[in-house]
Amino acid sequence: MSTILVTGGTGTLGVLVVDRLRSAGHEVRALSRHAPDHPVDLADGRGLDAATAGAEVIVHCASNTRGGGKDDEAAARHLIDAARRAGTVTNVVYISIVGVDVVPLGYYRTKLKVERLLEASGLGLTILRTTQFHDLVAQLVDAAAKLPLVPVPVPGGVRVQPIAVGEVADRLVELAVPTPSGRVPDMGGPEIHTLPDLARTYLTATGRHRRVLPFPLAGKAYAGFKRGGNLTPSHAVGRLTFAQFAAGRGGGRR
């Protein structure tokens, strides 16, 4: 069994990774600012040396979408420096996003920069790119449904291939071994649908019978999504469909 450090260990993905690794018998250090055992601030690196001491594997799930994710670059640099000082880390497993190299969205560009920082670090590295989680689509629709508009506004012309966060957690656990795998095959959800269609599915499943209003956006990032840069149809390995996910959410809302 390995000693594994998980950044973002209390987040949507990280908490599942931590639980699965512990169930498999690993010693897991779940990092966050307020963690009782390993309080770490990735923004300035405080606490990282103690957390990485003796660790063999780091699963890097922490991310901050605010400001285009720019804080992620500083966090990656601090993590790389601490891993080098520890001298025991043989594999850094990084969760990235399908399309970071083709969709010119600020947050995607930052994720790509972090990939490149890790690749240039000299550390053993595993990179997994996945499509967006079911949860993110649900959050987008929930936010739009709160607007004081009768039809729910959703960007039109965009196709999405959402995947279950639990399935991504399972894959990260498989990859969290001392031997790095480099860039592994992308991981996409089982189906591709337009964002308005997914919004309709989610609203109906959660008992909100409202019309959806597709609307266009401008800019290069939107054009990248319309071209399908966020999709990976040849790697549709996910099993749980968005409709099944939405039905599960609906049970708690009715």
Side-chain angles (χ1 to χ4, degrees), residues 4-18 28-53 55 57-86 89 91-133 135-140 142-143 163 165 168-169 172 175-176 183 219-222 224-225 229-230:
I4 302 175
L5 183 157
V6 180
T7 71
T10 58
T12 300
L13 174 61
V15 70
L16 298 181
V17 173
V18 168
V28 182
R29 300 171 184 173
L31 306 193
S32 72
R33 283 189 178 92
H34 306 293
D37 298 323
H38 297 285
V40 167
D41 190 341
L42 288 173
D44 59 17
R46 282 180 295 176
L48 266 176
D49 283 337
T52 55
V57 179
I58 296 174
V59 182
H60 188 25
C61 297
S63 188
N64 185 353
T65 59
R66 288 178 294 183
K70 291 182 179 179
D71 289 348
D72 285 8
E73 292 181 64
R77 289 190 174 93
H78 291 310
L79 191 63
I80 289 167
D81 290 344
R84 286 172 174 160
R85 288 191 294 269
V89 177
N91 187 15
V92 178
V93 182
Y94 181 56
I95 178 70
S96 190
I97 306 170
V98 169
V100 292
D101 51 347
V102 294
V103 177
L105 184 70
Y107 180 61
Y108 279 30
R109 285 172 169 161
T110 298
K111 296 290 283 188
L112 183 60
K113 288 177 182 177
V114 172
E115 285 188 14
R116 289 173 175 167
L117 282 171
L118 290 167
E119 288 168 346
S121 70
L123 298 168
L125 177 64
T126 301
I127 295 176
L128 171 65
R129 291 181 183 175
T130 76
T131 52
Q132 296 290 354
F133 301 155
D135 306 70
L136 183 64
V137 177
Q139 289 169 14
L140 187 154
D142 281 336
I163 191 167
V165 64
V168 175
L172 288 176
L175 297 170
R183 169 85 186 276
K220 293 181 179 179
Y222 180 60
F225 284 117
N230 58 313

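Atom set for the values below is all heavy atoms of this structure, side chains included, hydrogens, waters and symmetry mates excluded. FYI, the numbering just counts along the sequence from 1.
Here Ser96 pairs with Glu115 under the side-chain hydrogen bond (donor to acceptor under 3.5 Å, both in side chains) rule; sequence neighbours left out. Residues passing the side-chain hydrogen bond (donor to acceptor under 3.5 Å, both in side chains) test with Asp81: none are found, sequence neighbours excluded. Applying the side-chain contact (heavy atoms from CB on, under 4.5 Å) rule to Ala176 yields the partners Ile4, Leu21, Val57, Val59; only residues at least two apart in sequence or on another chain are considered. Evaluation of the salt bridge (charged side-chain N to carboxylate O under 4.0 Å, His left out) rule for Asp41 yields Arg33, Arg46 as partners, not counting sequence neighbours. Qualifying ring-ring contact (aromatic ring centres under 6.0 Å, His included) partners for Phe133, counting only residues two or more places apart in sequence or in other chains: none. By the side-chain hydrogen bond (donor to acceptor under 3.5 Å, both in side chains) test, Arg183 pairs with Asp186, sequence neighbours left out. Annotation: side-chain hydrogen bond (donor to acceptor under 3.5 Å, both in side chains) contacts of Thr131 (sequence neighbours excluded): none. Residues satisfying the salt bridge (charged side-chain N to carboxylate O under 4.0 Å, His left out) test with Arg29, not counting sequence neighbours, are Glu27. Checked against side-chain contact (heavy atoms from CB on, under 4.5 Å), Pro39 has no partners two or more places apart in sequence or in another chain. For Ala138, the side-chain contact (heavy atoms from CB on, under 4.5 Å) test picks out Tyr202, Phe245, Arg249, with sequence neighbours left out. Residues satisfying the side-chain contact (heavy atoms from CB on, under 4.5 Å) criterion with Val103, sequence neighbours excluded, are Leu105, Tyr108, Phe225.
Nearest heavy-atom pair across Val92 and Leu125 is O-CD1, 3.2 Å. A pairwise comparison of heavy atoms in Ile97 and Arg129 identifies O-CD, 3.6 Å as the closest pair.
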Compile the donor-acceptor pairs under 3.5 Å between side chains in residues 6-13 and protein atoms, sequence neighbours left out, one pair per line.
| residue | atom | partner | partner atom | Å |
| --- | --- | --- | --- | --- |
| Thr7 | OG1 | His60 | ND1 | 2.6 |
| Thr7 | OG1 | Cys61 | N | 2.9 |
| Thr7 | OG1 | Ala62 | N | 3.0 |

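Contact of the Ile95 side chain with the Leu128 side chain is registered, since non-hydrogen atoms from C-beta on lie closer than 4.5 Å.
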